Undergrad: 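Dropping the structure in here first, questions after.
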Amino acid sequence: MNYANQFDSIVFFTGAGISAESNVPTYRGKGGIWEKYDWQSLACQRAFDQNPERVLEFHEFRRSLVYNCKPNPAHNTISQLEQTKAVFVVTQNIDGLHQKAGSGNVVELHGSLWRLRCDYCGRQIEDLNRKYRSKKCACGQWLRPAITWFEDSLESGVFAQAHSLIESCDLFISIGTSGSVWPAAGLPQIAFDGKAHCIELNLEKTEYSPMYNETYFGLAGTILPSLFQFK
Ligand code: APR
């Protein structure tokens, strides 16, 4: 099956699984981040308020795990497609690999490891270095990773943006997500309720698999390029 010449507007809804073959750790399952680290003390607002330095050190460590990771054929297939049609990425990932692959239309539902913000003066900072250039804002306060942590609400506007893209696409492909974190996990339902053809790509069945028109089980880096062959 070659979808490259079908469909006009495609939304790729991606989770940690699309970056697994780039050696970015997933969150759950074997080797998952939350199997090893306690998000309650390292990746939530309460932990940051209690000990900003420890939280920043953990996120600097997460940046070091991702810093040398390269996009894989799944990311590259999506960015290549963007040159031929309306292609949008709605990602739960914070690794920046879609952008590294050249994708320009990326909605980052959960923020980014490569951005920081100051909740006192409102500064937003992009910092692509391995180590933070600075953990303190020019105003003197601690900078906070611009990431949507557990118990946070999404950054304003991203959910609405994702919702409208999914509502109007004619192909919706979910790649490498366990669908275990809301409100992101509710986004595929918008595709199911709309006109889009819905495809799931994962290593294994998820609770939403029966809702998709098609499901492919296997490695995203192998399967996605096989679904979009460019003549
Ligand atoms: N190809 C396809 N799917 C894969 C691959 C692969 N190579 N490797 C893993 N997967 C699948 C797993 O089967 C699993 O369903 O990717 C999914 C990864 O699930 P999670 O680790 O739960 O990641 P994700 O769904 O993105 O988590 C959602 O949870 O912790 C929060 O904010 C965090 O954005 C994250 C959210």
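All of these numbers come straight from a predicted model, not from anything done at the bench. Ligands are counted one by one from 1 in listed order, and the atoms in each one are counted from 1 as well.
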Undergrad: Do Ala20 and ligand 1 have an N or O pair less than 3.5 Å apart?
TA: no
Undergrad: Atom 27 (O) of ligand 1: which protein heavy atom is closest, and how many Å away?
TA: Arg28 NH1, 3.0 Å
Undergrad: List the closest protein heavy-atom neighbour of atom 34 (O) of ligand 1: residue, atom name, distance to the nearest 0.1 Å.
TA: His110 ND1, 2.9 Å
Undergrad: With only distance considered, is Ser178 within less than 3.5 Å of ligand 1 through an N or O on each side?
TA: yes
Undergrad: Does Tyr208 have its ring centroid less than 6.0 Å away from the ring centroid of Phe192?
TA: no
Undergrad: Side chain, backbone, both or neither: which applies to Gln92 and ligand 1 if a contact is any heavy-atom pair less than 4.0 Å apart?
TA: both
Undergrad: Does any donor atom in the side chain of Asn76 or Gln80 lie under 3.5 Å from an acceptor atom in the other side chain?
TA: no
Undergrad: Mark the output for Trp34 as yes if a heavy-atom distance to ligand 1 is under 4.0 Å, and as no if none is.
TA: yes
Undergrad: For Phe150, is the nearest heavy atom under 4.0 Å from an atom of ligand 1?
TA: yes
Undergrad: Heavy atom to atom 3 (N) of ligand 1, shortest distance: which of Thr148, Ile147, Leu224, Leu203 holds it?
TA: Leu203
Undergrad: When you compare the side chains of Thr206 and Glu200, does any donor N or O come within less than 3.5 Å of an acceptor on the partner?
TA: yes
Undergrad: Indicate yes or no: does an N/O atom of Ala16 lie under 3.5 Å from an N/O atom of ligand 1?
TA: yes
Undergrad: Taking side-chain contact (heavy atoms from CB on, under 4.5 Å) as the test, write out the residues that go with Ala138, two or more places apart.
TA: Arg123
Undergrad: Polar contacts were defined as any N/O atom of the residue lying under 3.5 Å from an N/O atom of the ligand; does this apply to Gly176 and ligand 1?
TA: yes
Undergrad: Provide, to 0.1 Å, the distance between atom 1 (N) of ligand 1 and the closest protein heavy atom, together with that atom's residue and name.
TA: Ala220 N, 3.0 Å
Undergrad: Just to confirm my output: which protein heavy-atom neighbour is closest to atom 10 (N) of ligand 1, and how far is it?
TA: Gly17 CA, 3.5 Å
Undergrad: Are the aromatic rings of Trp39 and Phe58 close, with centres under 6.0 Å apart?
TA: no
Undergrad: How far is atom 7 (N) of ligand 1 from the closest protein heavy atom, and which atom is that?
TA: Glu21 OE2, 2.9 Å
Undergrad: Looking only at protein heavy atoms, identify the closest one to atom 15 (O) of ligand 1 and say how far it is in Å.
TA: Asn202 ND2, 2.9 Å
Undergrad: Please report whether ligand 1 has a polar contact with Thr177, defined as an N or O pair separated by less than 3.5 Å (distance criterion only).
TA: yes
Undergrad: First locate atom OG of Ser178, then atom CG of Leu203, and finally report the distance between them rounded to the nearest 0.5 Å.
TA: 11.5 Å
Undergrad: Report the nearest protein non-hydrogen atom to atom 36 (C) of ligand 1: residue, atom name, distance rounded to 0.1 Å.
TA: Val181 CG2, 3.7 Å
Undergrad: Establish, from distance only, whether the side-chain atoms of Thr14 and His75 form a donor-acceptor pair under 3.5 Å.
TA: no
Undergrad: Can you list the steps and then say if Lys135 with Glu60 is a salt bridge (charged side-chain N to carboxylate O under 4.0 Å, His left out)?
TA: CA-CA 10 Å; Lys135 292 180 180 144; Glu60 198 160 49; 3.2 Å; yes
Undergrad: Can you tell me if Ala185 contacts ligand 1 (heavy atom of the residue under 4.0 Å from the ligand)?
TA: no
Undergrad: So which protein heavy atom does atom 35 (C) of ligand 1 come closest to, and at what separation?
TA: Tyr27 CE1, 3.5 Å
